[in-house]
Amino acid sequence: QVQLVESGGGLVQAGGSLRLSCAASGRTFSSYAMGWFRQAPGKEREFVASIRWRSGSTNYADSVTGRFTISRDNAKNTVYLQMNSLKPEDTAVYYCAAGTSIGTKMGLYDYWGQGTQVTVSS
């Protein structure tokens, strides 16, 4: 059974940093792509960043480029999202996802975590 478990969310002031973690289990993810998405209240879920597990190639939404970094630890089967220079508009529930095809569309991802809340105060 595939499980993706996010952690690391919390409350932070604008300009601060947080690091989210996504621990993956239940299968071999070496051929998978991992993504981070977020959903703010009243808004649709949107793509944040993705990484191909094997190659480490990454992709970012324009809104987070230069501030967020996605990475993975193969030994720990864990994907990270380092978030710096946080803004109030980054406030959302952040979800980890895994899929065989990399991209920005939710439908490309087969497995999802339960989400972790990130709140950025002004």
Side-chain angles (χ1 to χ4, degrees):
Q1 181 180 357
V2 174
Q3 274 197 315
L4 302 176
V5 180
E6 302 100 332
S7 61
L11 173 64
V12 64
Q13 288 189 332
S17 299
L18 281 175
R19 188 178 79 157
L20 306 183
S21 300
C22 172
S25 63
R27 67 165 302 131
T28 301
F29 289 93
S30 59
S31 62
Y32 272 62
M34 304 296 293
W36 284 98
F37 288 74
R38 66 186 181 186
Q39 188 167 16
K43 294 188 176 181
E44 293 186 351
R45 194 171 300 188
E46 64 176 6
F47 170 80
V48 175
S50 64
I51 186 168
R52 189 166 291 283
W53 204 285
R54 181 170 290 153
S55 68
S57 61
T58 59
N59 186 33
Y60 296 93
D62 290 343
S63 59
V64 306
T65 297
R67 300 187 298 124
F68 291 11
T69 302
I70 188 171
S71 62
R72 87 270 193 243
D73 185 326
N74 292 344
K76 295 182 178 180
N77 246 24
T78 299
V79 175
Y80 303 99
L81 185 68
Q82 177 66 43
M83 306 185 294
N84 298 329
S85 303
L86 282 162
K87 305 174 182 179
E89 51 263 44
D90 293 318
T91 295
V93 177
Y94 283 71
Y95 297 89
C96 175
T100 54
S101 298
I102 197 168
T104 64
K105 304 297 184 184
M106 287 178 55
L108 294 172
Y109 296 85
D110 304 307
Y111 305 104
W112 292 83
Q114 82 290 349
T116 185
Q117 176 70 47
V118 171
T119 303
V120 184
S121 63
S122 57

Problem set entry | Minimum side-chain heavy-atom gap Val93-Thr116 below 4.5 Å | no
For this session: Say whether Thr28 and Ser30, considering side chains only, have a donor N or O and an acceptor N or O under 3.5 Å apart.
Result: no
Exercise. Can you find a side-chain donor-acceptor pair between Tyr94 and Arg38 that sits under 3.5 Å?
Worked result: yes
Problem set entry | Separation of Tyr111 OH from Thr100 OG1 (nearest 0.5 Å) | 9.0 Å
Exercise. Does Ser25 offer a backbone N or O that forms a donor-acceptor pair with the side chain of Asn77 under 3.5 Å?
Worked result: no
Exercise. Do Arg45's NZ or CZ and the ring of Phe37 fall within the cation-pi criteria of under 6.0 Å and 45°?
Worked result: no
Problem set entry | Glu6 side-chain N/O to Gly115 backbone N/O, donor-acceptor pair under 3.5 Å | yes
For this session: Indicate yes or no for a side-chain donor-acceptor contact from Thr91 to the backbone of Thr119 under 3.5 Å, with no hydrogens or angles considered.
Result: no
For this session: Kindly indicate whether the side chain of Cys96, heavy atoms from C-beta on, has any atom under 4.5 Å from the side chain of Trp36.
Result: yes
For this session: Would you check if the side chain of Thr65 reaches a backbone N or O of Ala61 as a donor-acceptor pair within less than 3.5 Å?
Result: yes
Exercise. Do side-chain atoms of Arg27 reach the backbone of Val2 as a donor and acceptor pair under 3.5 angstrom?
Worked result: no
Problem set entry | Exercise: do Tyr32 and Arg52 side chains pair donor with acceptor under 3.5 Å | no
Problem set entry | Backbone of Ser50 reached by a side-chain donor or acceptor of Tyr60 within 3.5 Å | no
Exercise. Do Asn84 and Ser17 have side-chain N/O donor and acceptor atoms under 3.5 Å apart?
Worked result: yes
